[in-house]
J.: 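One structure, as structure tokens, below. Some questions next.
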Amino acid sequence: MFFASLLAIVISGVILFGIFIGMLVGVATKSSKDNKTKANSVLVIDVEKRIHEQAQANPFAIFTNETGNAGLYDVTQSIKHAQKDDNIKGILIKLSGSTNGWATMQQLRMAITDFKSSKKFVYAYGEDITQGAYYLGSAADSIYANPVGEVILKGFSTEMPFFKGTLEKLEVQPEIYYAGKFKSATEPFRADKMSDANKLQVSVYQQSMWNEFLKAVTEHTHLDSNAINQLTQTGAIEFPADALKYKLVDGVLYWDEVEQRIRNKTGQKESETINYVALSDYAEKEKGDNISADDKIAVLYAEGDIKDGEQENDYEIASKTFIESIRKARKNDNIKAVVLRVNSPGGSAAASEIILHELQLLKQKKPVVVSMGDLAASGGYYISCVGDSIFALPNTITGSIGVFSMLFSTEGLMKNKLGVTFDGVKTAPYADFPTATRPLNEAEAKRMQHAVDNIYTLFKSRVSVGRKLRPEDVDSIAQGRVWTGTDALKIGLVDAIGGLDRAISSAAALAKVKTYKVIGYPEPRDKIKELFHKMNSSTDASAMVQKSMQEQLGSDYEWLKKIKELRQMNGKAMMAMPFIFNVQ
């Protein structure tokens, strides 16, 4: 053990020394280079790249050409900056499958549409163009598809998995308690198909999002929505040639042919290399609003599931960690207003209430404006309802005002499959409550439902006070129902349609400040500290396995994560969205 520890210390020392020397060399090398954008550059927006709310720096950027991932606000501000940047001649949108949410794509599309006022070109090109990618690409002057690629136009669908049959085979008994007839988060465990109420809400918000998609397609193609709907009903788009025939794309070209058109716009010869600038790189180079001002507007980023305790991973809203950021913003006198940027499907009811309380204290001292991203539902809406005003995009998914709690009795599984039984003694009737080793009795079940009903009543009262709505009106639009931003505006859950930039302007107006600097909270996590923490952590191997599984499974990894989270929510009251939200 001694020699193993000594070896670890020596190796760590060598690594630390190497990193330190590398940093010095990298900084010296980088400082000698021109960090400005080159002339005749083309800004590249790759829809395959995931854009989160907050920027994430790459601590090893000095060793590579990658600067990290820019946040959504930085990205949109960079596109706005590119309008007046003489070195940027136009934008190329690389179309493919996208993991970004529909509201994120909508925010990007708005920024690109605004960019076109500069009269610079915007081209979109893809080999396999999904509907999500096409939605963004429709903002371009011209869309080009590869001759042997694919252009998808087939309408929207939403599919949910159901595990009731699996649980029955395993002899695991789900014990589910919920409030709100539309609260569908528990349906995968208590039913084998969607309820009529759930089908209704999914149909409504899916149609609302489809209407936004149709609007974008009609703007580009100049076809009416009926004609586009007819194409989806007949399955007319099979090949890129079909997309060209029906004016969905403006050309069927290979990449070299697209590049030639770009050269024609930039005035470059075929022998010259086109300087493509990735969006994140450009955002880093042109970072900052160059405004020196004492007054600040803080953007408080709330992205991910809401959970109890301290933050352990990126993109989660951990109550203990998050309220520290709220308190810093409250105590900083230079911060005149706060914009709460919410992109969350919800989570722990207790954590949501703790965060809401801190936001109420913040609101007593300075204006709080809410800006909703892809999701601000259930617990995500709970922490939003305190805002002085709430902004959402048409494709934002919000509402889901409802509560549920789940337990899983494994008595049948343990006894009949594994031969394990449980017995014990207790000093009071509820001493072992809740438990997964036996089904709940009638009295225990009543306690569970009573707890859920109590939190649901609290949820509705918070919305009633925050939104200044009558309790009966809140009850009619609650019931766990999910709404799009468009419909949420009609029923009073949000105040206006707009992105983060509009929310920031509103916050500044409420604070009565004209010149201000925008800052973000919380500060991005220090990746180097995390690296050294993992080097000394016994869970490092587990983290590596998790990372590998995520890379191999891709989007399917989310299913594994959700099933794993069931253990953490066992018996807790939850404010969360349906299992996994995915319209495609």
J.: To check you understand the geometry: which heavy-atom pair defines the closest contact between Ala503 and Val339, and what is its length?
T.: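 Reported closest heavy-atom pair: O-CG2, 3.8 Å.
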
J.: Would a distance-only check, ignoring hydrogens and angles, find a side-chain to backbone donor-acceptor pair under 3.5 Å from Gln207 to Val204?
T.: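 No; zero donor-acceptor contacts below 3.5 Å.
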
J.: If only side-chain N and O atoms count, and only distance matters, is there a donor-acceptor pair under 3.5 Å linking Thr99 with Arg50?
T.: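 Their side chains do not contain a donor-acceptor pair, so the 3.5 Å distance test is not met.
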
J.: Side chains of Ser117 and Phe115: does their closest heavy-atom pair fall under 4.5 Å?
T.: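 A side-chain contact is absent here, since even the closest heavy-atom pair is not under 4.5 Å.
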
J.: Think Arg109 forms a cation-pi with Tyr135, using NZ or CZ under 6.0 Å from the six-ring centre and within 45 degrees of its axis?
T.: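 Yes, a cation-pi geometry.
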
J.: Output yes when a side-chain donor or acceptor of Asp495 lies under 3.5 Å from a complementary backbone atom of Ile390, and no otherwise.
T.: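 Side chain of Asp495 to backbone of Ile390, a donor-acceptor pair under 3.5 Å: yes, one is there.
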
J.: Does the side chain of Lys49 come under 3.5 Å of the side chain of Ser98 through a donor N or O and an acceptor N or O?
T.: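 There is no such pair between these side chains.
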
J.: Considering all heavy atoms of both residues, which atom of Pro345 and which atom of Asp305 are nearest to each other, and what is their separation?
T.: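 So the two residues come closest at CG-OD1, 3.1 Å.
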
J.: I'd like to check Phe322 versus Gln311 (side-chain heavy atoms, cut-off strictly below 4.5 Å). Are they in contact?
T.: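 Counting from C-beta outward, Phe322 and Gln311 never come under 4.5 Å.
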
J.: Any side-chain to backbone donor/acceptor pair from His220 onto Ala140? Under 3.5 Å, distance only.
T.: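 Yes, the answer is positive, given that a donor and an acceptor are paired below the 3.5 Å cut-off.
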
J.: How long is the gap from CD1 on Ile262 to CD on Gln268, to the nearest 0.5 Å?
T.: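 Between Ile262 CD1 and Gln268 CD, I get 10.0 Å after rounding to 0.5 Å.
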
J.: Less than 4.5 Å apart, side chain to side chain, heavy atoms only: is that true for Ile91 and Val42?
T.: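 The answer is no; the side chains never approach within 4.5 Å.
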
J.: Does the Asn343 side chain pair with the main chain of Leu375, one donor and one acceptor, at a distance under 3.5 Å?
T.: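 Side chain of Asn343 to backbone of Leu375, a donor-acceptor pair under 3.5 Å: yes, one is there.
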
J.: Does any N or O in the side chain of Ser41 come within less than 3.5 Å of the main-chain N or O of Val277, such that one atom is a donor and the other an acceptor?
T.: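 Checking the backbone N and O of Val277 against the side chain of Ser41, no donor-acceptor pair under 3.5 Å is found.
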
J.: Do other residues, nucleotides or ligands put more than 12 heavy atoms under 6.0 Å from the OH atom of Tyr178?
T.: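 No, OH of Tyr178 has 12 or fewer neighbouring heavy atoms, counting only those of other groups under 6.0 Å.
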
J.: Which heavy atom of Asn100 sits nearest to which heavy atom of Ile51, and what is that distance?
T.: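 Distance-wise, the nearest heavy atoms are OD1-N, 2.8 Å.
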
J.: So how far is it from Asn226 CG to Leu231 CG, rounded to the nearest 0.5 Å?
T.: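 Atom-to-atom, Asn226:CG and Leu231:CG are 11.0 Å apart.
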
J.: Examine distances only and state if a side-chain atom of Tyr381 and a backbone atom of Gly346 form a donor-acceptor pair shorter than 3.5 Å.
T.: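 Between the backbone of Gly346 and the side chain of Tyr381 there is no qualifying donor-acceptor contact (under 3.5 Å).
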
J.: Stepwise, does the side chain to side chain contact (heavy atoms under 4.5 Å, CB included) test hold for Ser400 with Lys183?
T.: CA-CA 7 Å; Ser400 194; Lys183 198 63 182 175; 3.0 Å; yes

J.: Without swapping roles, check the side chain of Gln201 against the backbone of Phe182 for a donor-acceptor pair under 3.5 Å.
T.: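 Flag set: sc Gln201 to bb Phe182 pair under 3.5 Å.
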
J.: Strictly below 4.0 Å, N to O, side chains only: are Lys490 and Asp487 in salt-bridge contact?
T.: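 Looking at Lys490 and Asp487, the cut-off is met.
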
J.: Assess the residue pair Leu136 and Ile93 against the criterion (side chain to side chain contact (heavy atoms under 4.5 Å, CB included)); give the C-alpha distance rounded to whole Å, side-chain angles, the decisive distance to 0.1 Å, and a yes or no.
T.: CA-CA 8 Å; Leu136 182 62; Ile93 308 172; 4.1 Å; yes

J.: Consider only side-chain N and O atoms of Gln106 and Glu212, and report whether a donor and an acceptor are under 3.5 Å apart.
T.: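 Yes, because at least one side-chain N or O of Gln106 sits under 3.5 Å from a partner of the opposite role on Glu212.
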
J.: Should Pro174 and Arg190 count as side-chain neighbours, where that means a heavy-atom distance under 4.5 Å?
T.: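 Counting from C-beta outward, Pro174 and Arg190 never come under 4.5 Å.
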
J.: Looking only at the side chains, is there a donor atom on one of Ser280 and Asn69 sitting less than 3.5 Å from an acceptor on the other?
T.: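 No, because no side-chain N or O of Ser280 sits under 3.5 Å from a partner of the opposite role on Asn69.
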
J.: Going by the angle between their ring planes, with limits at 30° and 60°, are Phe121 and Tyr123 parallel, tilted or perpendicular?
T.: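 Rings of Phe121 and Tyr123: tilted, as their planes differ by 30° to 60°.
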
J.: Rounded to the nearest 0.5 Å, what separates atom CG in Asn229 from atom CD in Gln233?
T.: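 The CD atom of Gln233 is 6.5 Å from CG of Asn229, to the nearest 0.5 Å.
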
J.: How many angstroms lie between atom CG of Asp314 and atom CD of Glu303, to the nearest 0.5 angstrom?
T.: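 Separation between the atoms: 9.5 Å.
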
J.: Is the backbone N or O of Glu272 less than 3.5 Å from a side-chain atom of Arg263, with the two atoms forming a donor-acceptor pair by type?
T.: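 Yes.
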
J.: Identify the two heavy atoms, one from Gly380 and one from Val342, that lie closest to each other, and give their separation to 0.1 Å.
T.: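 Shortest heavy-atom separation between Gly380 and Val342 comes out as O-CG1, 3.7 Å.
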
J.: Which residue pairs pass the ring pair (Phe, Tyr, Trp, His ring centres under 6.0 Å) test when at least one of the two sits in residues 244-271, sequence neighbours left out?
T.: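 Qualifying pairs: Tyr125-Trp255.
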
J.: Considering all heavy atoms of both residues, which atom of Ala70 and which atom of Ala283 are nearest to each other, and what is their separation?
T.: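 Taking every non-hydrogen atom into account, CB-CB, 3.7 Å.
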
J.: Please walk me through it: do Glu187 and Ser195 pass side chain to side chain donor-acceptor pair (under 3.5 Å)?
T.: CA-CA 8 Å; Glu187 276 191 11; Ser195 65; 2.4 Å; yes

J.: Heavy-atom count check: over 12 atoms from other residues, nucleotides or ligands less than 6.0 Å from Asp256 CG?
T.: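 Correct, the count exceeds 12.
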
J.: Determine the minimum heavy-atom distance between Pro394 and Thr484, stating which atoms define it.
T.: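 Pro394 and Thr484 have their closest heavy atoms at O-CB, 3.5 Å.
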
J.: Between Tyr144 and Arg261, is any side-chain donor less than 3.5 angstrom from a side-chain acceptor?
T.: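 Side-chain D/A pair, Tyr144 to Arg261: present.
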
J.: Can you name the residues that form a ring-ring contact (aromatic ring centres under 6.0 Å, His included) with Tyr301, not counting sequence neighbours?
T.: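 If we apply the ring-ring contact (aromatic ring centres under 6.0 Å, His included) test to Tyr301, skipping adjacent residues, there are no hits.
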
J.: Rounded at 0.5 Å granularity, tell me how far CG in Leu248 sits from CD1 in Ile152.
T.: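 Taking CG in Leu248 and CD1 in Ile152, the distance rounds to 12.5 Å.
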
J.: Counting distance only, does the side-chain N/O of Thr234 pair as donor-acceptor with the main-chain N or O of Gln230 below 3.5 Å?
T.: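 At least one qualifying donor-acceptor pair exists.
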
J.: Measure the shortest side-chain to side-chain distance between Val122 and Ile112 over non-hydrogen atoms and say whether it is less than 4.5 angstrom.
T.: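 Of all side-chain heavy-atom pairs linking Ile112 with Val122, at least one is under 4.5 Å.
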
J.: Would you indicate whether the side-chain heavy atoms of Asn275 and Asn40 approach each other to under 4.5 Å?
T.: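 Contact flag for Asn40/Asn275 side chains = no.
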
J.: Consider only side-chain N and O atoms of Thr321 and Glu310, and report whether a donor and an acceptor are under 3.5 Å apart.
T.: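 No.
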
J.: Answer yes if the ring centres of Phe156 and Trp102 are under 6.0 angstrom apart, and no otherwise.
T.: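 Ring-ring flag for Phe156/Trp102: true, centres closer than 6.0 Å.
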
J.: Can you find a pair of side-chain heavy atoms, one from Ile397 and one from Asp374, that are under 4.5 Å apart?
T.: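 Not touching, per the 4.5 Å side-chain cut-off.
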
J.: Tell me whether Thr396 contacts the main-chain N or O of Ala392 through its side chain, where contact means a donor paired with an acceptor under 3.5 Å.
T.: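 Between the backbone of Ala392 and the side chain of Thr396 there is no qualifying donor-acceptor contact (under 3.5 Å).
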
J.: Is it true that the side chains of Ser138 and Glu219 contain a donor and an acceptor less than 3.5 Å apart?
T.: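 Distance-only check fails for Ser138 and Glu219.
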
J.: Within the 3.5 Å criterion, strictly below it, is a donor on Ser319 or Lys307 matched to an acceptor on the partner's side chain?
T.: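 On atom types as modelled, these side chains do not qualify, holding no pair under 3.5 Å.
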
J.: Report the C-alpha distance between Lys164 and Phe189 in whole Å, list the side-chain angles of each, state the deciding distance to 0.1 Å, and finish with yes or no for side chain to side chain contact (heavy atoms under 4.5 Å, CB included).
T.: CA-CA 5 Å; Lys164 181 182 177 184; Phe189 307 101; over 6 Å; no

J.: Looking at Asp196, I'd like to know if its CG atom is crowded, meaning that more than 12 non-hydrogen atoms belonging to other residues, nucleotides or ligands lie closer than 6.0 Å.
T.: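 Not more than 12 within 6.0 Å, no.
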
J.: Can you tell me how far CD of Glu150 sits from CZ of Phe239, rounded to the nearest 0.5 angstrom?
T.: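 Here the rounded value is 9.5 Å.
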
J.: Would you mind telling me which of Asp74, Asp85, Thr37 makes a side-chain hydrogen bond (donor to acceptor under 3.5 Å, both in side chains) with Tyr282?
T.: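 Looking at Asp74, Asp85, Thr37, the match for Tyr282 under the side-chain hydrogen bond (donor to acceptor under 3.5 Å, both in side chains) is Asp85.
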
J.: Going by heavy atoms in the side chains, are Lys120 and Gln83 under 4.5 Å from each other?
T.: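 No, their side chains stay 4.5 Å or more apart.
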
J.: Looking at Lys116, I want to see if its NZ is surrounded by more than 12 non-hydrogen atoms of other residues, nucleotides or ligands under 6.0 Å.
T.: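 For Lys116, atom NZ is crowded (more than 12 foreign heavy atoms under 6.0 Å).
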
J.: For Ile317 and Ile355: C-alpha separation, side-chain torsions, deciding distance, then whether side chain to side chain contact (heavy atoms under 4.5 Å, CB included) applies.
T.: CA-CA 9 Å; Ile317 309 164; Ile355 291 170; 3.7 Å; yes

